[in-house]
Amino acid sequence: MGLAMRRLGATAALCLSATSTLASGLDLTPKERAALGEEVRALLLAEPELVDKAINPPAPSLYSEYVQADLDRLEENADLFVATARGIGATDPGITILFFEDYPCASCGAAWADLETLVTRHPDIRVEPRFAGESGAAQVLLSLLDRQGAQAYHDAHRKLLAAGTEADLSAILDENRWPTDRMLRAEPRQEAAAFAALEMDSSPAYVLPRMMLQGAMPLMVLEKYLSE
């Protein structure tokens with residue numbers, strides 16, 4: 001007999017002994033106590049995993065405390081999920097994904113393109129872009145949004161996300177000469193602070209109501225996460 005079977009046999013014996021003790025304390029006749037013992041024995045022999053799980057419960061996850069800490073941070077920053085004029089997708093979403101971006105960002109452009117495809121495939125999803133850092137490009141985008149509306153914002157947004165280096169970013173800004181208001185808006189600073197509070201350190205990053213992901217995610221991977 002292997003070690004696992006010996007362990008299970010000993011465990012079953014302990015449970016049968018406990019059942020006998022319990023039955024003896026009930027208002028049963030000797031015949032009824034014997035019948036109860038036989039029924040319990042038959043159940044344990046038919047489903048021995050019940051015994052092993054009862055005596056040897058699974059150890060708690062080593063990562064459970066970290067998961068809970070992440071969930072607590074997300075709850076503290078729940079205001080990030082409020083819809084803005086920058087968002088795309090559903091107006092009454094079943095789920096909202098925050099997309100933290102910075103400029104320049106070598107992989108943000110392709111990641112954003114995948115998110116645009118995602119919301120066309122899944123009409124119950126909304127994606128909200130958020131700034132992972134303060135930058136002049138962020139102020140340009142917010143100025144365009146206020147002055148010219150969402151379409152102008154998104155046209156410029158795609159161009160800026162295509163910048164993989166500081167030189168690329170400077171060239172795009174010089175070429176387009178988008179107007180920028182003198183008044184600095186607070187959103188880039190506030191969103192960058194929230195990004196740091198969530199203990200994220202690189203963009204692109206995705207924040208879901210109960211999950212945070214760093215690094216560009218292929219479309220099929222995002223869809224898998226959303227289906228779980």
* Asked: Looking at side-chain heavy atoms only, is the closest gap between L80 and L198 below 4.5 Å?
  ->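 Answer yes - side chains close enough.
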* Contact check, side chains of W112 and H154, non-hydrogen atoms, under 4.5 Å ->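 Result yes, sub-4.5 Å side-chain heavy-atom pair found.
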* Within a strict 4.5 Å, meaning less than it, do heavy atoms of the T84 and L145 side chains meet? ->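 No. Closest side-chain heavy atoms not under 4.5 Å.
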* **Closest heavy-atom pair and its distance - E128, A83** =>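 Shortest heavy-atom contact: OE2-CA, 3.3 Å.
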* Approximate separation, where rounding is to 0.5 Å, of E199 CD and Q214 CD ->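 These two atoms lie 10.5 Å from each other.
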* To do: First locate atom CG of L213, then atom OH of Y225, and finally report the distance between them rounded to the nearest 0.5 Å.
  =>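 Here the rounded value is 5.0 Å.
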* Would you say the side chain of E187 lies within less than 4.5 Å of the side chain of L142, judging by non-hydrogen atoms? ->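 Answer yes - side chains close enough.
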* To do: Say whether L208 and M200 are linked into one hydrophobic cluster, either directly or through other cluster members, by side-chain heavy-atom distances under 4.5 angstrom.
  =>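 As far as the 4.5 Å side-chain criterion goes, M200 and L208 are not connected within one cluster.
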* Results of side-chain hydrogen bond (donor to acceptor under 3.5 Å, both in side chains) for D155 - residues two or more places apart only ->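 Applying side-chain hydrogen bond (donor to acceptor under 3.5 Å, both in side chains) to D155 gives Q151, R158.
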* Between W178 and A156, what is the shortest heavy-atom contact and its length? ->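 So the two residues come closest at CZ2-CB, 3.6 Å.
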* **Rounded distance (nearest 0.5 Å) linking atom OH of Y206 with atom CE of M212** =>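 Between atom OH of Y206 and atom CE of M212 there are 15.5 Å.
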* **Heavy-atom neighbours of R210 CZ exceed 12 at 6.0 Å** =>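 Count not over threshold, so no.
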* To do: For A167, enumerate each residue passing the side chain to side chain contact (heavy atoms under 4.5 Å, CB included) test, keeping only those at least two apart in sequence or located in another chain.
  =>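 Partners of A167 under the side chain to side chain contact (heavy atoms under 4.5 Å, CB included) test: T165.
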* Answer yes or no: is there a side-chain heavy-atom contact under 4.5 Å between V207 and R130? =>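 In short, these two side chains do not touch, never coming nearer than 4.5 Å.
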* Would M220 and V119 show up in the same hydrophobic cluster when neighbours are defined by side-chain heavy atoms closer than 4.5 Å? ->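 Result: yes, single cluster for both.
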* To do: Could you give me the CA-CA distance, side-chain angles and deciding distance for R73 and E75, then say whether salt bridge (Lys or Arg N to Asp or Glu O under 4.0 Å) is met?
  => CA-CA 5 Å; R73 281 190 286 271; E75 185 174 353; over 6 Å; no
* Honestly curious: do F81 and M211 fall in one hydrophobic cluster under the side-chain, below-4.5 Å linking rule? ->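 No, no single cluster joins them.
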* **side chain to side chain contact (heavy atoms under 4.5 Å, CB included) against R121, all qualifying residues, sequence neighbours excluded** =>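 Checked R121 against side chain to side chain contact (heavy atoms under 4.5 Å, CB included); matches are T117, L219, E223.
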Atom pairs and distances, donor-acceptor, side-chain atoms in residues 85-97, under 3.5 Å, two or more places apart:
{"from": "R86", "atom 1": "NH1", "to": "P129", "atom 2": "O", "distance (Å)": "3.2"}
{"from": "R86", "atom 1": "NH1", "to": "E191", "atom 2": "OE1", "distance (Å)": "3.4"}
{"from": "R86", "atom 1": "NH2", "to": "E191", "atom 2": "OE2", "distance (Å)": "2.6"}

* Heavy-atom pair with the smallest gap, counting every atom of T120 and E116 ->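 Shortest heavy-atom contact: CG2-O, 3.3 Å.
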* **Heavy-atom donor-acceptor pair, Q139 side chain to L184 backbone, under 3.5 Å** =>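 A pair under 3.5 Å: no.
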* Asked: Between atom CD of E134 and atom CD of Q190, what is the distance when rounded to the nearest 0.5 Å?
  ->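 CD of Q190 is found 9.5 Å from CD of E134.
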* Asked: How far does CG of L173 sit from CZ of R177, to the nearest 0.5 angstrom?
  ->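 So the CG of L173 and the CZ of R177 are separated by 9.5 Å.
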* Asked: Transitively linked via ILVMFWY side-chain contacts under 4.5 Å: L98 with F131?
  ->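 No: no chain of side-chain contacts under 4.5 Å links L98 to F131.
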* Asked: Are L141 and L169 joined in one hydrophobic group, where the rule is that I, L, V, M, F, W and Y side chains link up if heavy atoms are under 4.5 Å apart?
  ->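 In one cluster with L141: L169, yes.
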* **Residue list, side-chain hydrogen bond (donor to acceptor under 3.5 Å, both in side chains) with R189, at least two apart or on another chain** =>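 side-chain hydrogen bond (donor to acceptor under 3.5 Å, both in side chains) list for R189, sorted by chain: empty.
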Solution key, residues 99-106 side-chain donor-acceptor pairs under 3.5 Å, sequence neighbours excluded:
{"from": "E101", "atom 1": "OE1", "to": "H157", "atom 2": "NE2", "distance (Å)": "3.0"}
{"from": "E101", "atom 1": "OE2", "to": "Y103", "atom 2": "OH", "distance (Å)": "2.4"}
{"from": "E101", "atom 1": "OE2", "to": "H157", "atom 2": "NE2", "distance (Å)": "2.8"}

* Asked: Should S143 and P179 count as side-chain neighbours, where that means a heavy-atom distance under 4.5 Å?
  ->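 Side chain of S143 against side chain of P179, heavy atoms only: no contact under 4.5 Å found.
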* Looking at CG of L115 and CD1 of I125, how far apart are the two atoms once the value is rounded to the nearest 0.5 Å? ->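 So the CG of L115 and the CD1 of I125 are separated by 9.5 Å.
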